[in-house]
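Since the structure comes first, as structure tokens, the remarks are kept for the end.
Note that this is a predicted model, so its numbers are computed, not measured. Numbers here are sequence positions counted from 1.
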Amino acid sequence: MANHKVIGLKSREIYFTGDYTACHRFINNSWVAKITGKGRASKQTTIFGISEALQIV
């Protein structure tokens, strides 16, 4: 079982280390819910939690 890494393309920072399936799960679960407005006018949007593109190596 090989270890893979999730790295940022610009900073080359290692965000996660694990097998290939776990790396995909990390990327897919990196979404953050953002709620705007109040009461009935509130809307929920999802944004990606990491500000740079990721790559599995």
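A heavy-atom distance below 4.5 Å is not found between the side chains of Phe26 and Ile56.
Considering all non-hydrogen atoms of both residues, Val32 and Gly49 come closest at CG2-CA, 3.8 Å. Leu54 and Phe48 make their closest contact through CD1-CZ, 3.8 Å (heavy atoms, listed as atom of the first residue, atom of the second, distance). Considering all non-hydrogen atoms of both residues, Cys23 and Gly18 come closest at SG-O, 3.8 Å.
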Using a 3.5 Å cut-off and no angle test, enumerate the donor-acceptor pairs between side-chain atoms of residues 4-16 and protein atoms at least two apart in sequence or in another chain.
residue : atom : partner : partner atom : Å
Ser11   : OG   : Glu13   : N            : 3.3
Ser11   : OG   : Glu52   : OE2          : 2.8
Tyr15   : OH   : Glu52   : OE2          : 2.7

